[in-house]
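Side chains are part of it too, since the values below use all heavy atoms of this structure and drop only hydrogens, waters and symmetry mates. By convention in this document, chain letters (A, B, ...) are assigned in the order of the sequence lines, proteins followed by strands, and residues within each chain are numbered from 1.
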Amino acid sequence: MDERYDPKTIEPRWQAAWEEKNLFKVKEEPGREKYYLLEMFPYPSGKIHMGHVRNYTIGDVVARYKRLRGFNVLHPMGWDAFGMPAENAAIANDSHPARWTYENIDNMRTQLRRMGFSYDWDREIATCRPEYYRWEQWLFLRMYEKGMVYRRESFVNWCGSCQTVLANEQVEAGSCWRCGRQVRQKKLQQWFFRITDYADDLLRYCEKLPGWPEKVITMQKNWIGKSFGAEIRFPVQGKDEVIPVFTTRQDTVFGATFMVLAPEHPLVASLSAGTDQEAAVADFVEKMALTDRSSRALENYEKEGVFVGAFCQNPMTGRSMPIYTANFALMEYGTGAVMSVPAHDQRDFDFARKYDLPVVAVVQPPGKALDGDTLQEAYAGEGLMVNSGRFDGMASTDAKEAIAEELEKNGLGKKTVSFRLRDWGISRQRYWGAPIPIVYCEDCGAVPVAEKDLPVRLPEEADLLEGGRSPLPFLESFVRTECPKCGKAARRETDTMDTFVESSWYFERYCSPRYEEGIFEKEAVDYWMPVDQYIGGVEHAILHLLYSRYYTRVLKDFGLVRFKEPFTRLLTQGMVCKETVSCPEHGFLFPEEVDMQGEGRFCGKCGRPAQVGRVEKMSKSKKNVIDPNVLLDKYGADTTRLFCLFAAPPERDLEWSEQGVEGGYRFLNRVWRLAAGIMDEIREAAPYSASADALSGDVKALYKKTHETIRKVTGDIEDRFHFNTAISAVMELVNAMYSLWTDERPQHWAQVMRFALETAVVMLSPIVPHFAEELWAALGREKSVLLADWPVWKEDALTKEQLLIVVQVNGKLRSKFTVDAGIDEPALKKMALEDERVGKFIGDKTIKKVIVVKGKLVNIVV
RNA sequence: GCCUGGGUGAUGGAAUAGGUAGACAUAAGGGACUUAAAAUCCCUUGGCGCUAAGUCGCCGUGCGGGUUCGAUUCCCGCCCCAGGCACCA
């Protein structure tokens, strides 16, 4: 073998060899146990970043490990290829979203190949291809038939000068990010998936995802947000109208002194019509329409509202309650109307004090009398009922139940639950997405496209219009069609689907990515799914994962899959972080713009001292990024992979460190030097596999250490994915081999060294695959290390003849000694008590108790 | 405000079931090799104190309590950092 470790020559060679022998290509093998390992597929933004490198390295290690354990491993990769950045880039570069996307895919695929990941590239998919999204459209039609999709009016952020919708992150301080014009809320007809029908099921199954991180489960639960309460009906005075409200505090209904409606509530306009409040209400509603949602939801947003000019009646007290419309009421939650109980809700309290509305306390904390007129803040806790008619004196928790019953009995309301989760709006007034397969006919209305006419192709010849507007509504060749029902001239839907739809089922498509007869091949999905291990960033903990869980339920309802939960185990890896460096004049600096002089940092542009800022997530805007290509050029893929795994356990944040990378590179060189140095002597030796008893001294110790390392590494990878400690265990083994690499050649030296080295190579192979292949071949192995077996430790090689015993006095470490493993408890106790150093601490005190932990420790209590 | 993590040497991190705190690595220092440097190999390195030498003493896992023979680990209260949600009635 070569004297020098040279990743530049060995890495491309092994990548080519794997590809040539199709080593990562898999198919269903019904008799063999499968393992589906999936990493979240990337958006093809142009370049792989360190976050991808880390995510896919973790996944690749698990995939390769499971393969060595004998599993039939599915490990695919593809592209989440629709979405807005392609449109923005197309405008910026005067290009086309399709061209931009496909070029990026080619570029990123090349980068991923350079990393040596074990993907079955034959299964690659790009969601922007019609062969993919046609099945999304097909499922949309099935869902439409079943009423799982519907259309209604909903608000979007709208820029009047760009004539386009804006995503929330494109609204900057209430104005369009591109032209600066004030954004307004515009009502549009949009398509929705009825995800709320599954809210309860999605919530209930949160308890049945033991392989998911606790924090993701709680995030999902909170997002679904189930709350128990009651719907109460408030009649409007002098009109034949009723305002239903949802409340979780029906026990406080006697304290409801006014009503608040969301500005978008239909009754706001109708109730104020003809009153002297009409103009004021209209102004207020218009003002709210100009305020974008995100700033309306800000914490210290001042509560404001106007009286709508009408009153309703508290069904329990008969009290006349003024009706207001206010900014803090949300149309999307509950019924869009709030019964306001200022004494027991802080928002209502703030509002009541501002507009001088009556405050009536109806729940009193234990041993305290509340007075609505002098109250300083709302009391939201439990207590005793007062001012509540026949419920007075009852505990408020009991009153909740009793009042709900009373309301139900009198037809004034009922117990109910409400969810925070809303239906999933999937319409995007955008070009670069999957067309929604609907046609609008003057006579028949919205009509689904016939199945035989799928896919509805996105016309790639279209160019974006000024301001980034979608060209689809203006593209006659696309829009003009015939009604599938009556054949008359009709117009196509020009909205496209939210890209979260594509990513909600791609993992199922991977099972049979080229299948043309249906959304997927039943046998393939039945064999591979569900995903055994899913790995990705925590930023997708809510939406992507919730949508995928929902979509899988829909597929199950259609009998297309047999399971409800797509991902058995989930790992959310931490972020990749780095310190920021900024210059007082030039702002944030890229690492290559910083001059390092010892500890000092200077701006590469003006030479002034630069500020070293906090360690933060790598991002282009903070310029604290490292280009993986630079690492690949300098150190190679194996070192890059090793660093990502060694510097931190996967779920924690990883702090970039050039020295850490150097350290990884140094370790590989160290192993290489050892292997090259002893290769001639061990090449012909058979790896030692007989009993440890036939060995002695350091050779025996190394043999045992090797078995211990196998156990440690296997446990770390199998149970916890703690690659950092697995690697450190191999480092220890290598250090042990170094200390045996002297001029001495005791008996069995070559066999044991070979065994240790070979074991280390196999265990390192998931982590640094090219490196491992090279050493494996140098050891004379003809087949790829991918086809090797994961090493197995021998229990009898782990047994120790000598044990280190720790002696404590009153819990403090005072002495240690080694004993024969066979020693019995009384003898051990005796040895501990007779120990000289222990004696010093016992002195003439009386021994109260002696605790013996077998094989480990003796604690003497005096 | 609510919910989740987390806080351990100079640094990244280890301690898997309550049992030797600091594995492994980085950085630093020393030595060997070299004309020299780099690379490499070996050694030292939590803090304080004492010593001729240490299998020496004391302190030490954010802070304050508790449980226990024994707590980085379990319980209670608090502080700080990161992430998520946030007028959800």
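Atom name C1', nucleotides rA21(B) and rG9(B): the rounded distance is 11 Å, in whole Å. Nucleotides rA23(B) and rA14(B), compared at atom P, are 13 Å apart to the nearest Å. Using C1' as the reference atom, rU45(B) and rU35(B) are 32 Å apart when rounded to the nearest Å. Annotation: rU4(B) and rC87(B) have their C1' atoms spaced 22 Å apart (nearest Å). Using P as the reference atom, rG83(B) and rA25(B) are 32 Å apart when rounded to the nearest Å. For rA82(B) and rG30(B), the P atoms lie 39 Å apart once the distance is rounded to whole Å. Taking the C1' atom of each, rG12(B) and rG22(B) are spaced 13 Å apart, rounded to whole Å. Across rA53(B) and rU67(B), the matching P atoms stand 43 Å from one another, rounded to whole Å.
The shortest distance between the side-chain N/O atoms of R673(A) and the OP1/OP2 oxygens of rA39(B) is not below 4.0 Å. The phosphate of rA27(B) has OP1 or OP2 within less than 4.0 Å of a side-chain N or O from R666(A).
Nucleotide rA39(B) has no partner under the Watson-Crick or G-U criteria, as no pair reaches both atom distances under 3.5 Å. Remark: rU67(B) base-pairs with no nucleotide; criterion is Watson-Crick or G-U wobble with both hydrogen-bond distances under 3.5 Å. A 3.5 Å limit on both hydrogen-bonding distances identifies no Watson-Crick or G-U partner for rC33(B). In this structure, rC2(B) forms a base pair with rG84(B), meeting either the Watson-Crick or the G-U wobble geometry with both donor-acceptor distances under 3.5 Å. rA25(B) is paired with rU11(B) under the criterion used here, namely a Watson-Crick or G-U wobble arrangement in which both key atom distances are under 3.5 Å. Base pairing of rU72(B): no nucleotide in any strand meets the Watson-Crick or G-U wobble criterion (both distances under 3.5 Å).
T335(A) comes within 4.0 angstrom of no nucleic acid atom, judged by non-hydrogen atoms across all strands. Residue contacts for S657(A): at a heavy-atom cut-off of 4.0 Å it reaches no nucleic acid atom on any strand shown. F351(A) comes within contact range of no nucleotide atom at all, as no heavy-atom separation falls under 4.0 Å. D719(A) comes within contact range of no nucleotide atom at all, as no heavy-atom separation falls under 4.0 Å. Backbone-only engagement by D653(A) is indicated by non-hydrogen atom pairs under 4.0 Å involving sugar-phosphate atoms exclusively. Residue-level contact check: P649(A) touches the backbone only, with heavy atoms under 4.0 Å from sugar-phosphate atoms and none from bases. As judged by a 4.0 angstrom heavy-atom cut-off over every strand, V861(A) is placed among residues touching the sugar-phosphate backbone only. Backbone-only contact: K812(A) has heavy atoms under 4.0 Å from sugar-phosphate atoms and none from a base. Nucleic acid contact for S815(A): none, since no nucleic acid atom lies under 4.0 Å from a heavy atom of the residue.
Closest approach to the A329(A) side chain among rA27(B), rA89(B), rC42(B) is made by rA89(B) (side chain taken as heavy atoms from C-beta onward). When distances run from any side-chain atom of K856(A) to the nucleotides rA14(B), rA27(B), rG19(B), the shortest one goes to rG19(B). With rG84(B), rC24(B), rC87(B) as the candidates, the nucleotide lying closest to the side chain of E732(A) is rC24(B). For Y738(A), the listed nucleotide lying nearest its side chain is rC41(B); candidates were rG13(B), rC41(B), rG19(B). Among the nucleotides rG13(B), rG19(B), rA89(B), the one closest to the side chain of R347(A) is rA89(B). Residue F646(A) has its side chain nearest to rG12(B) when only rG12(B), rU4(B), rC41(B) are considered. Listed candidates were rA89(B), rU20(B), rC24(B). Nearest to the side chain of L813(A) is rU20(B). Of all nucleotides listed (rU20(B), rC42(B), rA89(B)), rU20(B) comes nearest to the side chain of L804(A). When the nucleotides rC85(B), rC69(B), rU20(B) are ranked by their closest atom to the side chain of N859(A), rC69(B) comes out on top. In this structure, of rA86(B), rG19(B), rA27(B), it is rA86(B) that holds the atom nearest to the side chain of R420(A).
Side-chain to base pairing of K816(A) with rU55(B): no donor and acceptor N or O lie closer than 3.5 Å to each other. Within 3.5 Å, a donor on the side chain of K712(A) pairs with an acceptor on the base of rU16(B), or the reverse. Between the side chain of R814(A) and the base of rC56(B), no donor-acceptor pair of N or O atoms lies under 3.5 Å. For K215(A) and rC3(B), a side-chain-to-base donor-acceptor distance below 3.5 Å is absent, hydrogens and geometry of angles not being considered. On a pure distance criterion of 3.5 Å, a polar donor-acceptor pair joins the side chain of Q808(A) and the base of rG19(B).
Note on K354(A) versus E304(A): no salt bridge recorded, every NZ/NE/NH1/NH2 to OD/OE distance being 4.0 Å or above. A salt bridge links K221(A) to E207(A): one of the charged nitrogens lies within less than 4.0 Å of a carboxylate oxygen.
F351(A) and Y355(A) have tilted rings, their planes meeting at an angle from 30° to 60° on a 0 to 90° scale. The aromatic rings of F771(A) and Y5(A) stand perpendicular to each other, their planes meeting at an angle above 60°, with 30° marking the opposite boundary.
Side chain of N314(A) to main chain of R319(A): no donor-acceptor pair is present (N/O by atom type, distance under 3.5 Å, no hydrogens or angles).
Rounding to the nearest 0.5 Å places NE2 of H707(A) at 7.5 Å from CG of L798(A).
Minimum heavy-atom separation, N724(A) to F646(A): CB-O, 3.4 Å.
No hydrogens or angles considered: a donor-acceptor pair under 3.5 Å links the side chains of D423(A) and T196(A). Side-chain contact annotation: N222(A) with R420(A), donor-acceptor N/O pair under 3.5 Å absent.
Nucleotide rG9(B) is shown with a syn base, its glycosidic torsion being within 90° of 0.
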